[in-house]
Every structure is written in structure tokens, then in C-alpha cells.
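Structure first, commentary second.
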Amino acid sequence: TVIVEFVSAEPRNNMRLGGTYVRVEMETSLNVWVTVATDAHWSTRFHWYRPDLTDDVRRISHARIEWHLYEEKFSKSANYRIIHYGTHKMFLTGTLTDFE
């Protein structure tokens, strides 16, 4: 199991309908990154939380992503990366900004 954490944003800022919050990619022998899993895949888990609920001004959020390597198709010798997609909402203006 691979576990990573990101500073994130409230997922309801952008529900990503037709998109994803998480993408797991593998590097091929041609140095090209290909998607092997998203948050729709059974091997991934996306957990969003706010560690300090008393900090209403900054409202820092975190995303914890788990990738469970149950399938044999995932090579242990390959390079992988986990990408998290989110949308930051400015507190005063409500302006939305996508990030990864």
C-alpha cells in the first residue's frame, strides 16, 4: 500500500463530474506516463479532511490518498507517480483556481 498526503482544498469546490481527484500513473520504457488508476478504481481511496477545525480563516484542507497494490499488473520495478487534482476557493472573493 502506498499512502501520500497533500495540502488540498474542499472537494465540493469542484465535484469533478466526468473527471477525477486522483490519478496514478506509471512511466513506460519510452519515458511516457500512462494512467493505471483513478479515484474510480477499486485500488484507490481518497480521504479529505481538515486537521484543525478551529482555524476558520486559513481553512487548510488535506487529502490522504491510498493506493492498494493488489493487482499483479503493477510492476514493482516501474516508476509511479500519484497526482491529486483540486480546486482552491479564495475566502473573500470566491474565485476558484484549479491545481494539481
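For Ala9 against His88, the heavy-atom pair with the smallest separation is CB-CA, 4.0 Å.
Within the cation-pi definition used here (under 6.0 Å to the ring centroid, within 45° of the axis), Arg81 qualifies as a partner of Trp33.
Remark: of the listed residues Val36, Val34, Val32, Ile83, Ile83 is the sole one forming a side chain to side chain contact (heavy atoms under 4.5 Å, CB included) with Glu25. Each of Glu66, Glu5, His62 was scored for a side chain to side chain contact (heavy atoms under 4.5 Å, CB included) with His47, with one residue passing: Glu66.
The distance from the CZ atom of Arg23 to the CD1 atom of Ile82 is 13.0 Å, given to the nearest 0.5 Å. From Thr20, atom OG1 reaches atom NE2 of His84 across 10.0 Å, with rounding to the nearest 0.5 Å. For the atom pair CZ of Arg64 and OG of Ser8, the computed distance is 14.0 Å after rounding to the nearest 0.5 Å. Once rounded to the nearest 0.5 Å, the distance linking OG1 of Thr95 with CE of Met90 reads 7.0 Å.
Put simply, the side chain of Thr44 gets close to the backbone of Thr38: a donor and an acceptor are under 3.5 Å apart.
Both Val4 and Met26 belong to a common hydrophobic cluster when Ile, Leu, Val, Met, Phe, Trp and Tyr are linked at side-chain heavy-atom distances under 4.5 angstrom. Both Ile65 and Leu69 belong to a single network of hydrophobic side chains, linked directly or stepwise wherever heavy atoms of I, L, V, M, F, W or Y lie under 4.5 Å apart. Hydrophobic cluster membership is shared by Phe6 and Val2, with clusters built from Ile, Leu, Val, Met, Phe, Trp and Tyr side chains linked at under 4.5 angstrom.
In the model, Ser43 has no side-chain atom that pairs as donor or acceptor with a side-chain atom of His68 under 3.5 Å. Defined by atom type and a distance below 3.5 Å, a donor-acceptor pair is present between the side-chain atoms of Ser61 and Trp48.
Proximity of the aromatic rings of Tyr21 and Tyr85 is defined here by a centroid distance below 6.0 angstrom, and this criterion is not met.
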